[in-house]
A.B. asks: 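Supplied in structure tokens, the structure appears directly below.
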Amino acid sequence: ESHFQLLLDPGAMTKVATAASLGLLGAGAYGSMAFTAGTGRAASAASQHLRKGVAQSRGQSSGTWALGVAATAMTTGALSVSRRDALKRAARSSVACKATATATAAAKKLTTPSDLLNGTDIFIFDCDGVIWRGDSLIPGIPNVLDKLRAAGKTLFFVTNNSTKSRAGYKGKFSSLGLDVKPEEIFSSSFAAAAYLEQTKFKNTGKKVYVIGEKGIGEELDLIGVPWFGAEADKDKAPNMGSGGKVDVDETVGAVIVGFDRHINYHKLQYAQLCLNEIPGCQFIATNLDRVTHLTDAQEWAGNGTMVGAMKGCTGREPTLVGKPAPLMIDYIAEKYGIADRSRICMVGDRLDTDIAFGRNNGLKTCLTLSGVTSEPELLDQVPRKAGTEGIQPEFYVDTINDFVA
């Protein structure tokens with residue numbers, strides 16, 4: 001079995017309908033995404049895709065399932081297709097997702113843990129701002145995780161931070177005294193590699209140029225996709241004198257943009273030349289997080305900064321593989337045979353990634369105030385950050401210590 005191979009069965013999938021999301025962006029090159037969204041509750045969305053140019057969809061989504069740029073579908077048709085065929089179509093399309101899921105009901109502060117725990121079998125935790133801040137463990141976390149496991153809960157950790165591979169994150173968990181299995185960890189660096197494997201990128205014989213850190217490269221190595229850039233280019237500077245130019249490798253077939261603490265003008269110039277001048281070169285973003293937790297003292301500019309720079313010089317929208325795009329939850333649901341997503345709870349500190357990820361994909365949602373979102377902001381007592389308007393979790397807590405209080 002391939003390293004990232006989804007565990008499929010020949011059973012019939014949910015009904016298929018085509019629609020476009022309320023938060024329509026211009027879809028990236030090669031079109032939009034089709035992914036399973038859970039048995040009996042949602043359906044795959046498929047839009048026409050063009051070999052060159054930009055595919056767009058129009059329509060109106062219904063319910064709370066909005067998968068961003070691509071398409072959103074509800075179970076309205078009677079057409080049944082196999083999971084294998086649906087995932088093959090998903091793999092041939094691009095993912096581009098915007099946080100559009102909203103809820104009208106106000107979030108409820110969790111004061112009685114059983115209100116959440118009794119209806120939840122699986123917890124998916126974000127990491128930065130939930131489990132740790134920077135390199136500092138949030139107090140009480142080991143006790144919480146131990147008690148949840150003792151209660152029979154299954155735990156996964158899904159992070160948008162691409163600076164580490166899953167092996168790298170296993171090392172971080174261990175360094176903080178947390179016993180977490182490698183198979184419980186999913187990062188956006190993994191998601192980028194999984195997407196390339198699903199789309200059979202390796203078969204093209206092309207390379208990947210990386211803006212980012214070693215986590216992306218480590219995951220690409222595991223699937224045998226050649227890449228360059230990243231930390232090897234951190235000290236490079238382009239010749240901007242008379243006649244100066246940057247020469248690019250014409251065999252680059254994709255640019256992956258992840259969080260990069262060594263971003264520089266050479267990387268930006270190299271990436272924009274690939275995207276603007278090499279026909280068919282894919283633009284892939286690990287995440288669009290505006291800010292991140294590098295230290296526990298303050299927030300720092302996130303990967304949205306790097307992706308925004310590339311959007312600005314190419315006019316293109318990226319294929320998004322991290323939250324709130326559905327790739328990682330679809331992988332987890334298929335691999336572990338999870339049929340009822342309503343018994344999964346997504347726990348995170350960001351409205352536009354974590355909570356949107358949960359709501360878009362049929363999960364329960366719980367916001368923790370230990371990260372980037374404050375209680376006044378959640379309760380609309382102060383203005384919301386752009387892109388978070390109307391997105392509400394079902395529950396919120398000060399920290400996840402409230403799960404076992």
A.B. asks: So, for Ala232 and Lys236, which heavy atoms are closest and what is the spacing to 0.1 Å?
C.D. replies: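 Residues Ala232 and Lys236, closest heavy atoms: O-CE, 4.0 Å.
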A.B. asks: Write out all pairs satisfying side-chain hydrogen bond (donor to acceptor under 3.5 Å, both in side chains) with one or both partners inside residues 118-130, taking only residues at least two apart or from two chains.
C.D. replies: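 Qualifying pairs, neighbours excluded: Asp121-Arg343, Asp126-Lys323, Asp128-Trp132, Asp128-Asn161.
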A.B. asks: Heavy atoms only: give me the nearest Met306-Asp260 pair and the separation to one decimal.
C.D. replies: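 Where Met306 meets Asp260 most closely, the heavy atoms are CE-O, 3.0 Å.
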A.B. asks: Centroid-to-centroid, Tyr331 to Tyr195, below 6.0 Å?
C.D. replies: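 They do not qualify: ring centres at least 6.0 Å apart.
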A.B. asks: I'd like to know whether Glu184 forms a salt bridge (Lys or Arg N to Asp or Glu O under 4.0 Å) with Arg149, so could you lay out the CA-CA distance, the side-chain angles of the two residues, the decisive distance to 0.1 Å, and finally the verdict.
C.D. replies: CA-CA 13 Å; Glu184 295 174 331; Arg149 292 187 195 279; 2.9 Å; yes
A.B. asks: Do other residues, nucleotides or ligands put more than 12 heavy atoms under 6.0 Å from the CG atom of Asp146?
C.D. replies: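 Buried by this count: over 12 neighbours within 6.0 Å.
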A.B. asks: If only atom types and distance count, is the side chain of Ser174 paired as donor or acceptor with the main-chain N or O of Gly171 below 3.5 Å?
C.D. replies: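 Flag not set: sc Ser174 to bb Gly171 has no pair under 3.5 Å.
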A.B. asks: Is there a side-chain contact between Asn303 and Leu288 in this structure, where contact means two heavy atoms from C-beta onward sitting under 4.5 Å apart?
C.D. replies: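 Asn303 does not reach Leu288 side chain to side chain.
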A.B. asks: Got a donor-acceptor contact below 3.5 angstrom from the Thr365 side chain to the Arg359 backbone?
C.D. replies: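 Side chain of Thr365 to backbone of Arg359, a donor-acceptor pair under 3.5 Å: no, none is there.
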A.B. asks: When you measure from the side chain of Ser189 to the backbone of Lys164, do you find a donor-acceptor pair of N or O atoms at a distance under 3.5 Å?
C.D. replies: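 Yes, Ser189 side chain to Lys164 backbone: donor-acceptor pair under 3.5 Å.
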A.B. asks: Side chains of Phe228 and Asp249, heavy atoms from C-beta outward: is any pair under 4.5 Å?
C.D. replies: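 Yes, their side chains come closer than 4.5 Å.
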A.B. asks: Kindly say whether Met310 contributes a backbone atom to a donor-acceptor pair with the side chain of Thr314 at under 3.5 angstrom?
C.D. replies: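 Yes, the answer is positive, given that a donor and an acceptor are paired below the 3.5 Å cut-off.
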A.B. asks: Hey, does the side chain of Asp289 reach the backbone of Thr292 with a donor-acceptor pair shorter than 3.5 angstrom?
C.D. replies: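 Not a single qualifying donor-acceptor pair exists.
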A.B. asks: Any ion pair linking Asp115 and Lys109 (charged N to carboxylate O, less than 4.0 Å)?
C.D. replies: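 Salt bridge absent between Lys109 and Asp115.
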A.B. asks: Donor-acceptor pair, Lys364 side chain versus Ser342 backbone, under 3.5 Å?
C.D. replies: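 Here the side-chain-to-backbone pair exists.
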A.B. asks: With sequence neighbours left out, write down each residue that passes salt bridge (Lys or Arg N to Asp or Glu O under 4.0 Å) with Arg133, or none if nothing qualifies.
C.D. replies: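 With sequence neighbours excluded, Arg133 shows a salt bridge (Lys or Arg N to Asp or Glu O under 4.0 Å) to no residue whatsoever.
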A.B. asks: Output the distance between atom CD1 (Ile124) and atom SG (Cys345), rounded to the nearest 0.5 Å.
C.D. replies: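 Ile124 CD1 to Cys345 SG: 9.0 Å, rounded to 0.5 Å.
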A.B. asks: Give a yes or no on whether a salt bridge exists between Arg261 and Glu213, defined as a side-chain N under 4.0 angstrom from a carboxylate O.
C.D. replies: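 Salt bridge present between Arg261 and Glu213.
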A.B. asks: I need the full list of side-chain hydrogen bond (donor to acceptor under 3.5 Å, both in side chains) pairs touching residues 372-387, with sequence neighbours left out, sorted by first then second residue.
C.D. replies: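 Listed by first then second residue: Glu375-Tyr396, Glu377-Lys385, Asp380-Arg384, Arg384-Gln392.
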A.B. asks: Ring centroids only, cut at 6.0 angstrom: are Phe123 and Phe156 within range, meaning strictly under it?
C.D. replies: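 Phe123 vs Phe156: aromatic centres not under 6.0 Å.
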A.B. asks: Nearest 0.5 Å, please: how far is CD1 in Ile122 from CD1 in Ile332?
C.D. replies: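 If we round to the nearest 0.5 Å, Ile332:CD1 and Ile122:CD1 are 8.5 Å apart.
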A.B. asks: Please say whether more than 12 non-hydrogen atoms of neighbouring residues, nucleotides or ligands are located less than 6.0 Å from CG in Asp179.
C.D. replies: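 Result for CG/Asp179: open.
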A.B. asks: Give the ring-plane orientation class for Phe125 versus Phe403, where under 30° counts as parallel, over 60° as perpendicular and anything between as tilted.
C.D. replies: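 Phe125 and Phe403: tilted rings.
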A.B. asks: Apply the test side chain to side chain donor-acceptor pair (under 3.5 Å) to residues Asp296 and Ser136: give CA-CA distance (whole Å), side-chain angles for both, the deciding distance (0.1 Å), then the verdict.
C.D. replies: CA-CA 7 Å; Asp296 59 0; Ser136 299; 3.3 Å; yes
A.B. asks: Got Asp233 and Tyr209 here, is their nearest side-chain heavy-atom distance under 4.5 Å?
C.D. replies: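 They are in side-chain contact.
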A.B. asks: State, yes or no, whether a side-chain contact exists between Gln198 and Leu327 at a heavy-atom distance under 4.5 Å.
C.D. replies: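 SC-SC contact between Gln198 and Leu327 confirmed.
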A.B. asks: Determine, stepwise, if the pair Tyr169 / Phe186 fulfils ring pair (Phe, Tyr, Trp, His ring centres under 6.0 Å).
C.D. replies: CA-CA 9 Å; Tyr169 274 109; Phe186 296 88; over 10 Å; no
A.B. asks: Evaluate the side-chain proximity of Ile284 to Leu196: yes if any heavy-atom separation is below 4.5 Å, no if none is.
C.D. replies: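 The answer is yes; the side chains approach within 4.5 Å.
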A.B. asks: Between the main-chain N or O of Cys313 and the side-chain N or O of Asn276, is there a donor-acceptor pair closer than 3.5 Å?
C.D. replies: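 Yes, because the side chain of Asn276 sits within donor-acceptor range (under 3.5 Å) of the backbone of Cys313.
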A.B. asks: So does Arg290 pair up with Asp352, basic N to acidic O under 4.0 Å?
C.D. replies: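 Salt bridge between Arg290 and Asp352, a charged N being under 4.0 Å from a carboxylate O: yes.
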